[in-house]
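A quick write-up on the structure given underneath.
The chains referred to below are lettered A, B, ... by the order of the sequence lines, with proteins before strands, and numbering in each begins at 1.
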Amino acid sequence: MRLRELAAELGRELEGDGELWIDGVAALESAGPRNLAYARSERFAAAARASGAAALIAPPGLDTGGRPAIRSPNPGLDFARAARRLAPATAHEPGVHATACVDPTARVDPSAALGAGCVVGARSRVGPRSLLFARATLYADVEVGAECVIHAGCVLREGTRIGDRVVLQPGVVLGSDGFGYAMDEEGRLEALPRLGCVVVEDDVEIGAHTAVDRGTLGETRIKRGAKLDNLVQVGHNVEIGENAVVVAQAGIAGSTRLGRSALVMAQAGIADHLRIGARAFVGPKSGVHGDVGDGERVMGYPHRELGAFRRIWASLALLPGMVRRLRAVERRLGISARDRDDAEAGDAP
Amino acid sequence: MRLRELAAELGRELEGDGELWIDGVAALESAGPRNLAYARSERFAAAARASGAAALIAPPGLDTGGRPAIRSPNPGLDFARAARRLAPATAHEPGVHATACVDPTARVDPSAALGAGCVVGARSRVGPRSLLFARATLYADVEVGAECVIHAGCVLREGTRIGDRVVLQPGVVLGSDGFGYAMDEEGRLEALPRLGCVVVEDDVEIGAHTAVDRGTLGETRIKRGAKLDNLVQVGHNVEIGENAVVVAQAGIAGSTRLGRSALVMAQAGIADHLRIGARAFVGPKSGVHGDVGDGERVMGYPHRELGAFRRIWASLALLPGMVRRLRAVERRLGISARDRDDAEAGDAP
Amino acid sequence: MRLRELAAELGRELEGDGELWIDGVAALESAGPRNLAYARSERFAAAARASGAAALIAPPGLDTGGRPAIRSPNPGLDFARAARRLAPATAHEPGVHATACVDPTARVDPSAALGAGCVVGARSRVGPRSLLFARATLYADVEVGAECVIHAGCVLREGTRIGDRVVLQPGVVLGSDGFGYAMDEEGRLEALPRLGCVVVEDDVEIGAHTAVDRGTLGETRIKRGAKLDNLVQVGHNVEIGENAVVVAQAGIAGSTRLGRSALVMAQAGIADHLRIGARAFVGPKSGVHGDVGDGERVMGYPHRELGAFRRIWASLALLPGMVRRLRAVERRLGISARDRDDAEAGDAP
């Protein structure tokens, strides 16, 4: 399409030749003469100038080397939209593959597409234009909304409900039994009830091999627009807020509630029964052992406020030297080893 | 059933109207007039009083607001048992789904149930009343005992043996090749033998997407009653003791032995060739690099004894201030920057 | 085979009776009178002497208790080769299982073997002697080279290309969508393009449930001979160097490049857009937040140079005592609580 048309659809200002024909999007480094690329910020200015792209999406003022540009305050967002416009998702033929097993009591919308070996259990429903790739498995009483994409090998256990436009990468498990046990007199573990379910609201995306346990009795709920990366663990009865983001290999233990637009970075862990506030930030690899307020930023294991974490981490580089310096001070003051031991054994700080 | 009957089956003392009819179990917050809920401890006393539950399982002395109660020293255990009594697991029709592939040399007990697309390899056996959900895959020479539940998408590689009443959540992999390599002269890696197997004893439960590698030559063994959560990694030749618990995303490296009733918390990692004692506690996110004795409690990265870890963690909050205070002390004593550097360069502590 | 023949094939020196007949390999502890075992180093000398093995592969000079031995400077490597020689991988009948679904436009080499329920999408290709176990799923436009082993339940999304002799353990996902989003004015997240692919070069092995995201626009590439363990996360546009090793549950974020023969230990995490040098070592559970040079060794969260990390970790044991000792020094010098607070509030170190 013409660059002019694309700028108009995006509602952004055009700079330079609007008649330029654009075939598709590409990265700055690999873009060719019919490609649109983008530069997120000044950090990418040199790459933008060196790029072979025909045109750029760039923030106002960024030097594009004279190339036509769509000027945007949010180049990433406009590039994402341009990419979808220029390379729409492949259409899939509606219908149920001959090798899929759909229970006679299930209802699959005729506009949905089910791949080879899919399984749809008793009383389950698949909504309009939803797409199940090969071997996706729905147990009994599962509800899938409209325009969902469920990749190969996903498993949705009994009673799971997912909204519209939900995307599940390969191997997502929804509704696995929670990890709650009671111990008997001999130390044997008996499972607590697993009678609840998982609810995933509209526009949620979940990464490969992420596991979401169902509620012990009530629900585990992932709210509208939340995004979970690969290999994430979500415990029973957790609630993940609207537009919250949980990055790869993070884990959230049972009954914890994550506020809207909270951001949990990779490999972080959050203990059970906590409240993590709206827009909170949990740094990578953090171990969160207490509530985190709205907008708070924490990091560390166990976690602290982000600024305190950074100050401590910087000070640690001095610690081995401080050990020796403190001894020198004690020697200078004539503090004996015995005095020192007495001090060490004193009251806690 | 009547509350009186339930109390009798549980062998616990009844308080209040035993003729009360109970339909099912529920959480304190959502329980209705025919539901039984439970309060684990005084921490839940307010929620217990506010609950709409008809009756409670509660420890002796907890105020139930006049509601009938089953008094228990272990309310979680009795609630788990009550839940199983009131909501028994769904029965599944015995038989092999038409789309399952069972090798002619395999033996599937006629009381077992195999779902759509299951695969049972050569010489494998499935015991009485075991239940394989859709697409569960047994390679050759696999043995599954009685009353097991194997969820959708599980893969049991060649030679895996599991006992009775084992539960595998969706996506469990048993018997993947271990991660052992030898390096040749050019830095290329050649795999060590993968000739061993995985043995899972009775009453073990394993969470979604947990991977258990088979022994290099001998066995990887998970002993009776152990419980593994989701996304756990178990290396080759590991032994996990009876009734041990490994929480989500923890990892145990090759040849390590975990004692009976040991507890490994979420996201912990244990290095290879270690012994972790009976009833040992490994705190969340710990990195264990040495043996841990029976009943010892450790935490941290790298791990320390739990008390030491806590004292250090508390002291760290003072460290940035100590950096400045030590300088002030040195200034007071007329210790120059050069003296300080000499002290820093001194012998290690 | 005769020990003599094996020593000749391995190109190593034989010591003792070369006519000894060897049936197979075994561990030192379980080896019997027709087994070959190995001792890696002097650490295993006692076990070697106590072993029931008929013969050993051992380094020169290690006391084998008079047993015949193949002397090797690299016993692990020679044992791996001996094991493959004595217990060759099971041959699989070539051909496509009746329940597999191969798109009419796909090409499967007649010498390849496809198990029950395999799916091969449009225009995909499977090379000579490659083996796909049950339910392996290739989307459209996937290329699999020669002599690959793809275990049950693996998913290779559209456009994935893997070379020769690649081994994928059960549940590997290649080509899942990357985790990149742009935020709109209302805090909603829109996915960045997912138009790239995954390329896996020859002789790569990937562990169970490891997920490799495809490039946003370009490639995610795993180079020749690299080995990835179970439950590893590889973000979009990552490059993993030749013969690099990534141990279980580690994660590598988007666009990071790992050099050749780099070693990333278990549960480590590496942030995005970094360069990790050739032969670099990233210790277990490390959190890497900056570039690491060739041959550098780092550890910690956030990471430091390995020596610095160890010195700090050792010094930390002294920290709680230092808190009290510094107070004692301040008291001795007549530094008041107020002086101390003033010092604490001073300039940062």
For this session: Give, as side chain, backbone, both or neither, the part of Cys154(A) having an atom under 4.5 angstrom from any heavy atom of chain B.
Result: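 For Cys154(A), the backbone is the part near chain B, not the side chain.
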Contact part of [X] toward chain A, heavy-atom cut-off under 4.5 Å: side chain, backbone, both or neither?
X         : answer
Pro284(B) : backbone
Ala27(B)  : both
Ala317(B) : both
Thr210(B) : neither
Asp339(B) : side chain
His97(B)  : side chain
Val246(B) : backbone

Does some side-chain heavy atom of [Y] sit less than 4.5 Å from a side-chain heavy atom of [X]?
X         : Y         : value
Arg135(B) : Val155(A) : yes
Asn230(B) : Phe179(A) : no
Arg81(B)  : Asp184(A) : yes
Leu217(A) : Phe79(B)  : yes
Leu77(B)  : Met183(A) : no
Thr99(B)  : Thr99(A)  : no
Leu316(B) : Arg304(A) : yes
Leu319(B) : Met322(A) : yes

Nearest heavy-atom neighbours spanning [X] and [Y]:
X         : Y         : answer
Lys285(B) : Ala268(A) : NZ-C, 3.7 Å
Leu189(A) : Gly225(B) : CD1-O, 4.3 Å
His303(A) : Trp313(B) : O-CZ2, 3.6 Å
Gly76(B)  : Leu192(A) : O-CD2, 3.6 Å
Phe309(B) : Pro302(A) : CZ-CD, 3.6 Å
His209(A) : Leu231(B) : O-CD2, 3.6 Å

Would you mind telling me which of [options] has the largest number of heavy-atom pairs within less than 4.5 Å of chain B?
options                                    : result
Gly117(A), Ala308(A), Gly175(A), Ala191(A) : Ala191(A)
Ala250(A), Ala140(A), Gly178(A)            : Ala250(A)
Ala328(A), Gly180(A), Gly251(A), Ala271(A) : Gly251(A)
Arg311(A), Arg157(A), Arg325(A)            : Arg325(A)
Gly287(A), Gly196(A), Ala211(A), Gly269(A) : Gly269(A)

Any chance you could measure [X], atom [atom1], to [Y], atom [atom2], to the nearest 0.5 Å?
X         : Y         : atom1 : atom2 : value
Glu186(A) : Glu242(B) : CD    : CD    : 12.0 Å
Arg324(A) : Arg340(B) : CZ    : CZ    : 13.5 Å
Ser176(A) : Asp229(B) : OG    : CG    : 8.5 Å

When heavy-atom pairs shorter than 4.5 Å are enumerated against chain A, which of [options] gives the highest number?
options                                   : answer
Asn74(B), Val247(B), Ile335(B)            : Ile335(B)
Pro73(B), Ala80(B), Gly24(B)              : Ala80(B)
Met299(B), Arg260(B), Gln267(B), Arg84(B) : Gln267(B)

Problem set entry | Check against ring-ring contact (aromatic ring centres under 6.0 Å, His included), Tyr139(A) and Phe133(B) | CA-CA 9 Å; Tyr139(A) 280 46; Phe133(B) 281 89; 4.6 Å; yes
Exercise. Do other residues, nucleotides or ligands put more than 12 heavy atoms under 6.0 Å from the CZ atom of Arg310(B)?
Worked result: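 Not buried by this count: 12 neighbours or fewer within 6.0 Å.
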